[in-house]
Amino acid sequence: RGMDSQLVKIKRLVASGHYAFTMKADLECAADGLTREDVTESILTAQFLRIKNSRSPWRRSRREKLYIIDSFNFEGVPIYSKGVLRRLDEHDSEFYILISGKRSVRSD
């Protein structure tokens, strides 16, 4: 079977510039010496996606899904990111909102 359709959707949003970083994600990136480009590259190279139900008090709807991507930027740096799909308003197209981005601590 092919790549997860939600991952394809997220990659298309990121590739077309329909994404945004929260302040938390920007702060995590800076703390780990990563740029926004590092994180977006890791999304574009990702092969797998994990999905959890968000329990954040900031979620928009009762059943917002949290997408977890553990992949590499173009230089091979492992990066762990989390995000949600949101419409900024009912007339807008969907955006991928990055709520976390940091170096992955891999144990393999």
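What you see is a predicted model, and the numbers here were worked out from it, not measured in a lab.
Here Lys24 contributes atom NZ and Lys82 contributes atom NZ; the two are 5.0 Å apart, rounded to the nearest 0.5 Å. Atom CD1 of Ile10 and atom CG of Asp4 lie 8.0 Å apart (nearest 0.5 Å). The distance from atom CD of Glu37 to atom OG of Ser42, rounded to the nearest 0.5 Å, is 11.5 Å. A distance of 9.0 Å separates CD in Glu64 from CD1 in Ile97, rounded to the nearest 0.5 Å. Of the inter-residue distances, the one linking Ile79 atom CD1 with Thr45 atom OG1 reads 8.0 Å to the nearest 0.5 angstrom. For the atom pair OG (Ser104) and CG (Asp70), the distance works out to 3.5 Å, reported to the nearest 0.5 Å.
Closest heavy-atom contact between Gly33 and Arg103: O-NH2, 4.0 Å. The nearest pair of heavy atoms linking Phe95 to Tyr19 is CD2-N, 3.5 Å. For the residue pair Leu13 and Glu94, the shortest heavy atom distance occurs at CD2-O, 3.2 Å.
Using a 4.5 Å cut-off on side-chain heavy atoms (C-beta onward), His18 and Ser93 make contact. In this structure, the side chains of Thr22 and Leu98 stay at 4.5 Å or more apart for every pair of heavy atoms. Residues Leu7 and Phe48 are not in side-chain contact: their nearest non-hydrogen atoms beyond the backbone lie 4.5 Å or more apart. Using a 4.5 Å heavy-atom cutoff, the side chains of Lys65 and Gln6 are not in contact. Between Leu66 and Asn53, the closest side-chain pair of non-hydrogen atoms is not below 4.5 Å. At least one side-chain heavy atom of Thr40 sits under 4.5 Å from a side-chain heavy atom of Phe21. Side-chain contact between Asn73 and Val39 is absent, with no heavy-atom pair separated by less than 4.5 Å. You'll find the side chain of Phe72 stays beyond 4.5 Å of the side chain of Val77, heavy atoms only.
Under the 3.5 Å distance criterion, the side-chain polar atoms of Asp32 are left unmatched by any main-chain donor or acceptor of Cys29. Side-chain N or O atoms of Glu28 include none that pairs as donor or acceptor with a backbone N or O of Lys102 at under 3.5 Å.
Residues Ile69 and Val8 share a single hydrophobic cluster, defined by chaining ILVMFWY side chains whose heavy atoms lie under 4.5 Å apart. Hydrophobic clustering, with ILVMFWY side chains joined whenever heavy atoms are under 4.5 angstrom apart, groups Ile51 together with Leu85.
Ser100 and Ser81 share no side-chain donor-acceptor pair at under 3.5 Å.
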